[in-house]
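Here the structure comes first, spelled out in structure tokens, and everything after it is commentary.
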Amino acid sequence: MELAFSGWSGILILVMYGLIMLGVGVFTYLRNRHIHQSLDEYYLGGRGLGVMVLFFTFFATQYSGNTVVGYPPSAYRQGYEYLVSVPFFITIIMAYLLFAPRLYRLGKKYKLITPAQWFEKRYKSKAVTILAALLMLYGLGNYLLEQLVAIGQGVSGLTGGTIPYQVGVIFFVIIMVIYGWLGGMRSVAYTDTMQGIALLFGVFMLLIGSIVYFGGLPTSADYMQAYSPEKLGVPDGPAVVNWFSLLVLIGIGAAVYPHAIQRIFSAKSERTLKRSFSRMAWMPFLTAGVVFVIGIIGINAYPGLTESESEQLVGMMASAVASQNVIFYWAMVLLFGGVIAAIVSTADSVLLTFSSIISNDLYGSYINPEAPEKKKLLVGKLVGLVAVGILILVAWFPPGTLYQIFVLKFELLVQVAPGLIIGLYWNRLHSKAVFAGMLAGTIIASSMTLFGLSFFGVANGLWGLLVNVGICVIGSLVMSVSVVEEKEAKQVIGM
């Protein structure tokens, strides 16, 4: 994300954002210090998030800095085929509506803190809970790695290389850890609100500037017709199959993000949750749709870029727009400050949930069940720090483009969906079938990815998911379900 126009002004913006984040953490800690050692308060904000704060924290969860920085380059390389990125986010909202209201009611009834707790409550199986928790930790670790890579690229680009990639990662990780450690979910939610407003403003300013100075979609369409007609064409059969499989994989996978589910538990009321989702329904068009258009405009603005060069597309376009006048200059500086703030804010929410699964579901449930909440919190925080340290070492030499990192985490994370969603409605779903399905789906998806296998253009994770669902449903039907287990399941899900 090269952004050569703003060296010291970029540094000024980053310092400002960093100080605001630290201030939010300190303010939240001081305001809630009498209850900050409670798991419920620290990880869920006391289950009291209102409509706007809940909306923006959901927005930050689904639209990280990767959306603004990573999606336009993909649209640049693929052309109109990448319009599928908008339905990706529509599918996520649809998936939420399938289970979020019901899960909220059960979360409030049983005082659930993490999604893994739902597995323990529903299936009463140590094996199911631990496997689900490990898959969630894998997805969270992968997602956090993506954010660390994006932080480094963003800081380096915004400061014109004045702050190196690795220094940017370390700087904002320290800030993130401090304010997250102090304020927990409330700090995360408040910074989500701040960065969401900045991000939306900056993205629309970049769109306006791109249309004014690069000619907009008609100009890009003329260029593609003359020089890259394949980017205008209708995708062939295999491409459509791949589209659909990714739509299902990402739609379901993103909806069962552990940190997204914690936001469901954090809502002040079910009405608050539904009102937040009604606002989220517009965001695929106002965010993913807008950055898709920016990527298409870039095809004409900067033709012939290689894959690695196209990863810098947004910074190149923002630099050109910013050079036109002072209004666009500062708008672009604010945009990329907002992008980095968004990335940091997404990373801290992931780290918070990662720590909660460690402290509540693994350490608190199986290693030291008698530990006080204060000690559980401390263990979760410390293990989270260790995980961040390991991921920083990986991020030092990033393993692929942002989009490749983004897709990778869904292959395994989506395997928790059958047990989580189907188990909300079907009391006969058996714990042994759920474990076998999750394990089989995980092995299939990971093996196919490891050995580079692909069948009919369908995503590897989706093949695993299909086997997973089949084992869950068929296994539960043919398995002799004890009367006691079925009765307990009915009591838990209220059927």
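From a predicted model like this one, the values you see are computed outputs, not experimental measurements. Each residue takes its place number in the sequence, starting with 1.
The closest donor-acceptor contact from the side chain of Arg102 to the backbone of Leu424 lies under 3.5 Å. Thr57 places no side-chain N or O within donor-acceptor distance of the main-chain N or O of Ala189, the cut-off being under 3.5 Å. The backbone N or O of Tyr329 lies less than 3.5 Å from no partner atom in the side chain of Gln324, so there is not a single donor-acceptor pair. For Ser446 (side chain) and Thr442 (main-chain N/O), a donor-acceptor pair under 3.5 Å exists by modelled atom type. Looking at Ser359, its side chain does come within 3.5 Å of a backbone N or O of Ser355 through a donor-acceptor pair. Ser310 contributes no side-chain N or O that, together with a main-chain N or O of Leu313, makes up a donor-acceptor pair within less than 3.5 Å. Tyr82 places no side-chain N or O within donor-acceptor distance of the main-chain N or O of Arg77, the cut-off being under 3.5 Å. Using a distance-only test at 3.5 Å, with no hydrogens or angles considered, no donor-acceptor pair links the side chain of Gln147 to the main chain of Ala347. Panel note: side chain Tyr76, backbone Leu305; a donor-acceptor pair is recorded below 3.5 Å. Side-chain atoms of Ser365 do not come within 3.5 Å of backbone N or O of Leu362 as any donor-acceptor pair.
In this structure, CD1 in Ile174 is found 10.5 Å from CG in Leu22, a value given to the nearest 0.5 Å. For the atom pair CD (Glu120) and CG (Asn360), the distance works out to 9.5 Å, reported to the nearest 0.5 Å. Distance check: Leu247 CG to Ile252 CD1 gives 9.5 Å after rounding to the nearest 0.5 Å. Rounded to the nearest 0.5 angstrom, Leu112 CG and Ile264 CD1 are separated by 11.5 Å. The structure places CD1 of Ile357 at 10.0 Å from OH of Tyr43, a figure rounded to the nearest 0.5 Å. Taking CD1 of Ile20 as the reference point, atom CD1 of Ile175 lies at 11.0 Å (rounded to 0.5 Å).
Taking the charged nitrogens against the carboxylate oxygens, Glu41 and Arg186 do have a contact shorter than 4.0 Å, which makes a salt bridge.
Looking at Phe119 and Asp361, their side chains never come closer than 4.5 Å, going by heavy atoms from C-beta outward. A heavy-atom distance below 4.5 Å is not found between the side chains of Trp118 and Ile261. Side-chain contact between Met438 and Leu135: present, with at least one pair of heavy atoms (C-beta onward) separated by less than 4.5 Å. Side-chain contact between Ile297 and Ile211 is present, with at least one heavy-atom pair separated by less than 4.5 Å. Val256 is listed as a side-chain neighbour of Ile421, based on a closest heavy-atom distance under 4.5 Å. Taking 4.5 Å as the limit, some side-chain heavy atom of Phe354 sits within range of a side-chain heavy atom of Ile358. By the 4.5 Å heavy-atom criterion applied to side chains, Tyr363 and Lys375 are counted as neighbours.
Looking at residues two or more places apart in sequence or on another chain, you find a salt bridge (Lys or Arg N to Asp or Glu O under 4.0 Å) between Arg105 and Glu270. Take Thr287 and apply the side-chain hydrogen bond (donor to acceptor under 3.5 Å, both in side chains) test, not counting sequence neighbours, and it matches no residue. Residues satisfying the side-chain hydrogen bond (donor to acceptor under 3.5 Å, both in side chains) test with Ser278, not counting sequence neighbours, are none.
For Met16, the CE atom sits in a packed shell: over 12 heavy atoms of surrounding residues, nucleotides or ligands are nearer than 6.0 Å. Shown here is Ile327, whose CD1 atom has no more than 12 heavy atoms of other residues, nucleotides or ligands within 6.0 Å.
Between Leu413 and Pro258, the shortest heavy-atom contact is CD1-CD, 4.0 Å. In plain terms, the two heavy atoms of Gly295 and Ala75 that are nearest each other are CA-CB, 4.1 Å. Scanning all heavy atoms of the two residues, the minimum distance from Gly202 to Met332 falls at O-CE, 3.9 Å. Here the closest non-hydrogen pair linking Ile294 and Met317 is O-CE, 3.5 Å. When all heavy atoms of Phe292 and Ser85 are compared, the pair lying nearest together is CB-OG, 4.4 Å. Shown here for Val173 and Leu148, the closest heavy-atom pair between the two residues is CG2-CD2, 3.5 Å.
Classification of the Phe59-Phe56 ring pair by plane angle, with boundaries at 30° and 60°, yields perpendicular. Ring geometry for Phe58 against Phe277 counts as tilted: the plane angle lies between 30° and 60°, on a 0 to 90° scale.
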Criterion side-chain contact (heavy atoms from CB on, under 4.5 Å) on Met185 and Phe265, from CA distance to verdict: CA-CA 11 Å; Met185 173 61 83; Phe265 295 153; over 6 Å; no
Leu140 vs Leu144, side-chain contact (heavy atoms from CB on, under 4.5 Å): CA-CA, chis, key distance, verdict: CA-CA 6 Å; Leu140 290 168; Leu144 184 55; over 6 Å; no
CA sep, side-chain torsions, deciding dist, call: Val248, Thr91, side-chain contact (heavy atoms from CB on, under 4.5 Å): CA-CA 7 Å; Val248 175; Thr91 307; over 6 Å; no
Trace of the side-chain contact (heavy atoms from CB on, under 4.5 Å) decision for Leu206 with Ser210: CA-CA 6 Å; Leu206 177 58; Ser210 298; 3.8 Å; yes
Evaluation steps, salt bridge (Lys or Arg N to Asp or Glu O under 4.0 Å), between Lys111 and Asp40: CA-CA 8 Å; Lys111 299 188 181 303; Asp40 199 71; over 6 Å; no
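The only member of Tyr138, Phe88, Tyr257, Tyr143 that meets ring pair (Phe, Tyr, Trp, His ring centres under 6.0 Å) when paired with Phe410 is Tyr257. With Val203 as the fixed residue, the side-chain contact (heavy atoms from CB on, under 4.5 Å) test singles out one of Val291, Ile208, Leu286, Thr67: Val291.
Judged purely by distance below 3.5 Å, without hydrogens or angles, the side chains of Gln262 and Thr353 pair a donor atom with an acceptor atom.
The cationic atom of Lys126 (NZ for Lys, CZ for Arg) does not lie both less than 6.0 Å from the six-membered ring centre of Phe435 and within 45° of the ring axis.
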